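One structure is given here, and the rest of the page talks about it.
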There are 2 protein chains.
Amino acid sequence: MFERPLNREATVADVARRAGVGKSTASRALGSYGSVSSEVRLRVLAAAEELGYRPNEVARSMNTGRSRTLGVIVSDIENPYFSVAMRGISDAANASRYNVILANTSENLEAEIHAVRVFLDKRVDAIIVAPSSAYQIEHLKAIRTSGRPLVLLDRKVPGLDAVSVEISIAPAAHEATSRLVELGHTRIAYISSLQTDGDSFAGFPLGISSVEDRLHGILDALEEAAIRPDPELIRFKVVTMERTAEVIEELFHLADPPTAILASDSTIARDILLALRERDVGIPANVSVIALDDFPWSPLTAPPLTVVSPPIYEAGFAAAVAAIEAIEERTAKPVALQARVIYRDSHGPAPTHSTR
Amino acid sequence: MFERPLNREATVADVARRAGVGKSTASRALGSYGSVSSEVRLRVLAAAEELGYRPNEVARSMNTGRSRTLGVIVSDIENPYFSVAMRGISDAANASRYNVILANTSENLEAEIHAVRVFLDKRVDAIIVAPSSAYQIEHLKAIRTSGRPLVLLDRKVPGLDAVSVEISIAPAAHEATSRLVELGHTRIAYISSLQTDGDSFAGFPLGISSVEDRLHGILDALEEAAIRPDPELIRFKVVTMERTAEVIEELFHLADPPTAILASDSTIARDILLALRERDVGIPANVSVIALDDFPWSPLTAPPLTVVSPPIYEAGFAAAVAAIEAIEERTAKPVALQARVIYRDSHGPAPTHSTR
DNA sequence: TTGTACGCGTTATCAA
DNA sequence: TTGATAACGCGTACAA
């Protein structure tokens, strides 16, 4: 069914022979560099056309040492966050005639280490990664040691020689939290899927910038309002739908349950909405819900979701642009983007005790 | 900032020298093929370890002619349909130690042709594609001519020597349509984003199997119920949000407007829901809506959406498995999967005239 | 302007 | 079991 072709592909040598010129002359004519008489050029081009010549990019990479390929490592391409970022990366890469090779890690460090190794072996020109850990970074350092640029998508890792494309969520998270406070909320929960492996501060994990960032925005807003953050209301490592339901259950059984819930990302937001619907909790009548992430369906949920919307397409695009700049110019500037709040109907005044 | 490394990577020759053996002996020891005395093997492995040797996959591809890479061509990775399929492809590829390289085409034939050329030049081992046209297939034929397997994702193209992974929507589309008929609907619209370039039959485009498939399911169900399909109600090439709003507008200004709308995919479904909300049309009180596609947020829309759910992760996985089989075994079996209907709350009885 | 010859890092061939 | 050598297809220094 899938036999190999009998006649192999035409090479530069074949084209040269047919055009009756030397190999390097053909090579120059095809690559349009150096100097070739226009008469010869036409003859070479014609010969190439006739033979259906196509350059072998593998051979080309072999002696240029460059592959015009960007390696992209994300936790899950299925997540709209990363698929949108990927589209941005892909569009930017395409515009500069680069290709994109993808690896999913499921937030698994071993998989990430493996992906880096494979990409390095394949001689990608640069690697774009949303790292799962800010502490185990030997493999990321290895990228730099190999002489290839490294671009950090969204998450910043201290002590690493890399370009980072950051999306600052803090100001928007601050704004959203303050809005909740204005509406009378004092018991505000934050549920995050983050599995961190680093230090923690007062029970809060630290180290991965995007998390610190979100948390700072929230905590600062609470502090301004003189509301003491309750560790009971801040939950990490909530990774499955089941765990989300459990956490929601626990939160509502607290002596003083939350009146608002902040979701760290769209998956958590979905699971929270599902769990609340299961329990028949009215939104926003009984609880306000705000997602610290956006996704295409956010205007259409019941009720339409108030979100902190990060410009991820732009971030992906910027990451690829930075990677290509670093490859070609040996330098690239870090990028900082800002999320913004989109107010819709999933938040409202804090319920009074009588309505609860 | 991003200087090239001073000391280049260790090669087989370096390892061989350090271990005090010949280049080919080292190569055999590292690749664990041929025969090497265990004493020498250990020495070579130790030397490789010390030098931090890593094989150069580009050089390897160069003379094996294989790259352990699958090229994947989709219209838009941002679309959950393709991002989920991509995850399936990626997981299956990963399990067999293959890599995945991605191209987006935005349903643009030129981009698809370009992507094929690039992938061929890069010597991918096989190409998985959801083709945008069933007629312009020279570039797809070129894949086969080059001796590489071609796997068609979701869409079947006649007259092409390729393995296809099909998702049959027809039975589920039939079932969903019949359900609508049972509920009293006789005016059922179908809105599709498909931009086809082929023949049409009674104004309906034909040729791309997944479309014929959906349409057949719907038309068969109508025929069984002795309802004559109205070409006015069947709309193709609805690709933008604006166009969707226009089409909705047009449909509702018909003398006999639809009481149910079938959406071809999740993007169209989103735009339809948005347009209906804009017009304040009650779902399902005034119109029933069913999507012929599923996506993670379908249970959480207002109202929860009745959908025809295609197993796309499985389709992606199967496509990659078939591609790898074709590469390694020279043959692969086509795969046929079935979508199923998930009944939720966006469909209901046809409104009586008095309520309209 | 043109052509020859070599290098890139690997695997494959083959004689020792 | 081993190692010298060729081959993959391209770019490119260098000489003509």
Side-chain angles (χ1 to χ4, degrees), chain A residues 4-5 7-45 47-48 51-69 118 120-125 146-147, chain B residues 4-5 7-45 47-48 51-69 120-123 125 146-147:
Chain A
R4 281 279 162 198
N7 42 356
R8 43 174 211 75
E9 318 256 335
T11 71
V12 185
D14 298 325
V15 175
R17 204 171 311 123
R18 179 159 191 128
V21 299
K23 227 171 43 173
S24 55
T25 306
S27 187
R28 279 188 293 255
L30 293 167
S32 54
Y33 70 93
S35 40
V36 196
S37 73
S38 59
E39 188 249 340
V40 171
R41 167 175 295 117
L42 289 176
R43 218 165 58 219
V44 172
L45 262 32
L51 293 172
Y53 168 80
R54 292 261 76 216
N56 181 331
E57 290 295 339
V58 176
R60 186 173 277 177
S61 309
M62 172 84 140
N63 68 355
T64 58
R66 312 246 276 70
S67 58
R68 291 199 91 81
T69 301
V118 171
L120 254 25
D121 291 352
K122 282 187 99 66
R123 300 296 188 268
V124 298
D125 292 337
S146 81
Chain B
R4 281 278 164 200
N7 42 356
R8 44 171 211 72
E9 319 256 333
T11 72
V12 184
D14 298 326
V15 174
R17 203 171 315 120
R18 178 158 190 131
V21 301
K23 218 170 52 167
S24 46
T25 305
S27 185
R28 277 189 295 256
L30 293 166
S32 52
Y33 72 95
S35 40
V36 196
S37 72
S38 60
E39 188 248 340
V40 170
R41 165 173 297 117
L42 289 175
R43 218 165 60 218
V44 172
L45 261 34
L51 293 172
Y53 169 78
R54 292 261 74 215
N56 181 331
E57 290 295 341
V58 176
R60 186 173 278 177
S61 307
M62 170 87 137
N63 67 358
T64 59
R66 312 244 278 80
S67 58
R68 289 200 91 81
T69 301
L120 253 26
D121 291 353
K122 283 187 98 65
R123 299 296 189 268
D125 292 338
S146 80

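Fair warning: this is a prediction, and the values are worked out from it, not measured in the lab. Just so it is clear: chains get the letters A, B, ... in the order the sequence lines come, proteins before strands, and each one is counted from 1.
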Hey, what do you get for [atom1] ([X]) to [atom2] ([Y]), rounding to the nearest 0.5 Å?
| X | Y | atom1 | atom2 | result |
| --- | --- | --- | --- | --- |
| A/Leu120 | B/Glu57 | CG | CD | 11.5 Å |
| A/Arg43 | A/Arg18 | CZ | CZ | 12.5 Å |
| A/Arg68 | A/Asp125 | CZ | CG | 8.0 Å |
| B/Thr69 | B/Arg123 | OG1 | CZ | 13.0 Å |

A/Asp121 versus B/Val58: any side-chain heavy-atom pair under 4.5 Å?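 The answer is no, as the side chains (C-beta and beyond) never meet within the 4.5 Å cut-off.
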Are the side chains of A/Arg41 and A/Val44 in touch, meaning some heavy atoms are under 4.5 Å apart?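 Contact flag for A/Arg41/A/Val44 side chains = no.
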Atom-pair distance ([atom1] on [X]; [atom2] on [N]), nearest Å:
| X | N | atom1 | atom2 | result |
| --- | --- | --- | --- | --- |
| B/Asn63 | D/dC10 | CG | P | 15 Å |
| B/Arg43 | D/dT1 | CZ | C1' | 12 Å |
| A/Arg17 | D/dG9 | CZ | C1' | 13 Å |
| A/Glu57 | D/dC8 | CD | C1' | 16 Å |

Which residues within residues 21-29 of chain B lie with some heavy atom under 4.0 Å of an atom in DNA chain D?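 Within residues 21-29 of chain B, the residues near DNA chain D are B/Val21, B/Gly22, B/Ser24, B/Thr25, B/Arg28.
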Inter-end axis angle, the helix from C/dT1-D/dA16 to C/dA16-D/dT1, with every axis fitted to five base pairs (rounded, 10 degrees):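 Between the first-five-pair axis and the last-five-pair axis there is 40°.
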Residue closer to the 5' end of DNA chain C, B/Thr11 versus A/Arg41 (nearest nucleotide):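 The residue whose closest nucleotide sits nearer the 5' end is A/Arg41.
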For DNA chain C, note the earliest and the latest nucleotide, 5' to 3', having some atom under 4.0 Å of a heavy atom belonging to chain A.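 Both ends considered, the range comes out as C/dT1 to C/dG9.
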Determine the minimum heavy-atom distance between B/Tyr53 and B/Thr11, stating which atoms define it.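 Shortest heavy-atom separation between B/Tyr53 and B/Thr11 comes out as CE1-C, 3.6 Å.
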Would you name the heavy atoms of A/Ser67 and A/Ser61 that are closest together and state the gap between them?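 Answer, listing the atom of A/Ser67 first, then A/Ser61: CA-OG, 3.7 Å.
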Name the nucleic acid region contacted by A/Val40, choosing base, sugar-phosphate or nothing; use a 4.0 angstrom heavy-atom cut-off, strictly under.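 The answer is sugar-phosphate, as A/Val40 gets under 4.0 Å only of primed atoms, P, OP1 or OP2.
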Touch class at under 4.0 angstrom, heavy-atom based, for A/Ser37 against every strand present: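 The residue A/Ser37 makes sugar-phosphate contact but no base contact.
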N or O in side chain of A/Ser61 less than 4.0 angstrom from D/dC10 OP1/OP2: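 So the side chain of A/Ser61 is outside the cut-off, no N or O lying under 4.0 Å from OP1 or OP2 of D/dC10.
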Could you tell me whether the side chain of B/Ser27 and the main chain of B/Lys23 form a donor-acceptor pair under 3.5 Å?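 Not confirmed, B/Ser27 side chain does not pair with B/Lys23 backbone.
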